[in-house]
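Comments concern the structure below.
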Amino acid sequence: MAVEDQLSRVFAALADPTRRDMVARLATQDRTVGELAEPYDVSVQAVSKHLKVLEGAGLVSRSKDAQRRPCHLEAEVFDLMTKWIDRYQKEAEERFTRLDDLLERMDDDGSVRPATPATDERGAAS
């Protein structure tokens, strides 16, 4: 699965509040479908459909433990999301820094003073 496709699936899967709640509950411990269905006023089949979406996004996996089929949260998928968010957060912060610099150099009449070269601790321009 391409990274962009998986990222789209992860964000789409987490767009639903029930699925986000299921992810939050799986973050604390593995649970069966029946255990996941307990707090919701929906059928076990409906919970299974939500789980299939989470599995398709790579957020959840299931295993077999005797008679139980516990669901596990695949937390490494969050690293993919974090990297994507961090990239755009960094770009936005750099844009705000450049805007702050421009606004500091702007006079009341709207004219802009030229930027001064950055200096190091010794006062030498870099």
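When a residue number appears, it is its place in the shown sequence, counting from 1. Bear in mind the structure is a predicted one, so any value in this text is a computation, not a measurement.
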query: Who else is in the cluster with Val112 when I, L, V, M, F, W and Y are joined by side-chain contacts under 4.5 Å?
result: Leu102, Met106
statement: Contacts of Glu76 meeting side chain to side chain contact (heavy atoms under 4.5 Å, CB included) (sequence neighbours excluded), chain-then-number -> Glu74, Asp79
query: Mind checking whether Met81 and Leu54 sit in one hydrophobic cluster, side chains of I, L, V, M, F, W, Y counted as touching below 4.5 Å?
result: yes
message: Enumerate the ring-ring contact (aromatic ring centres under 6.0 Å, His included) contacts for residues 30-53, please, sequence neighbours excluded, ordered by first and then second residue.
response: none
field: Pairs touching residues 85-111 that satisfy ring-ring contact (aromatic ring centres under 6.0 Å, His included), sequence neighbours left out
entry: Trp84-Tyr88
- prompt: Would you call Cys71 and Thr32 a side-chain contact if the rule is heavy atoms closer than 4.5 Å?
  reply: no
- request: Could I get the full list of side-chain hydrogen bond (donor to acceptor under 3.5 Å, both in side chains) partners for Glu91, not counting sequence neighbours?
  value: none
task: Provide the closest heavy-atom pair for Val77 versus Gly58 in the form atom of the first, atom of the second, distance.
output: CG2-O, 3.0 Å
query: For Thr97, what residues pass the side chain to side chain contact (heavy atoms under 4.5 Å, CB included) criterion, not counting sequence neighbours?
result: none
query: Stepwise, does the side chain to side chain contact (heavy atoms under 4.5 Å, CB included) test hold for Leu14 with Leu59?
result: CA-CA 9 Å; Leu14 294 176; Leu59 285 161; 3.9 Å; yes
message: Can you list everything that forms a side chain to side chain contact (heavy atoms under 4.5 Å, CB included) with Ala75? Sequence neighbours excluded, please.
response: Phe78
message: Same cluster or not: Val42 versus Val53, using hydrophobic residues (I, L, V, M, F, W, Y) connected whenever any side-chain heavy atoms lie under 4.5 Å apart?
response: no
query: Does the side chain of Leu51 come within less than 4.5 Å of Met22's, by heavy atoms?
result: yes
- request: With rounding to the nearest 0.5 Å, note down the distance linking CZ in Arg87 to OG1 in Thr82.
  value: 14.5 Å
message: Side chains of Leu26 and Leu36, heavy atoms from C-beta outward: is any pair under 4.5 Å?
response: yes
- request: Considering only Ile, Leu, Val, Met, Phe, Trp and Tyr, and joining two whenever side-chain heavy atoms are under 4.5 Å apart, list the other residues clustered with Leu99.
  value: Leu103
message: Enumerate the salt bridge (charged side-chain N to carboxylate O under 4.0 Å, His left out) contacts for residues 53-69, please, sequence neighbours excluded, ordered by first and then second residue.
response: Glu35-Arg68, Glu55-Arg62
- line: His72 and Ser63 have their tightest heavy-atom pair at NE2-OG, 2.6 Å
task: Would you mind listing every salt bridge (charged side-chain N to carboxylate O under 4.0 Å, His left out) that reaches into residues 96-111, with sequence neighbours excluded?
output: Asp101-Arg105, Asp107-Arg113
- request: Could you note down all residue pairs passing salt bridge (charged side-chain N to carboxylate O under 4.0 Å, His left out) where residues 16-31 supplies at least one of them, sequence neighbours left out?
  value: none
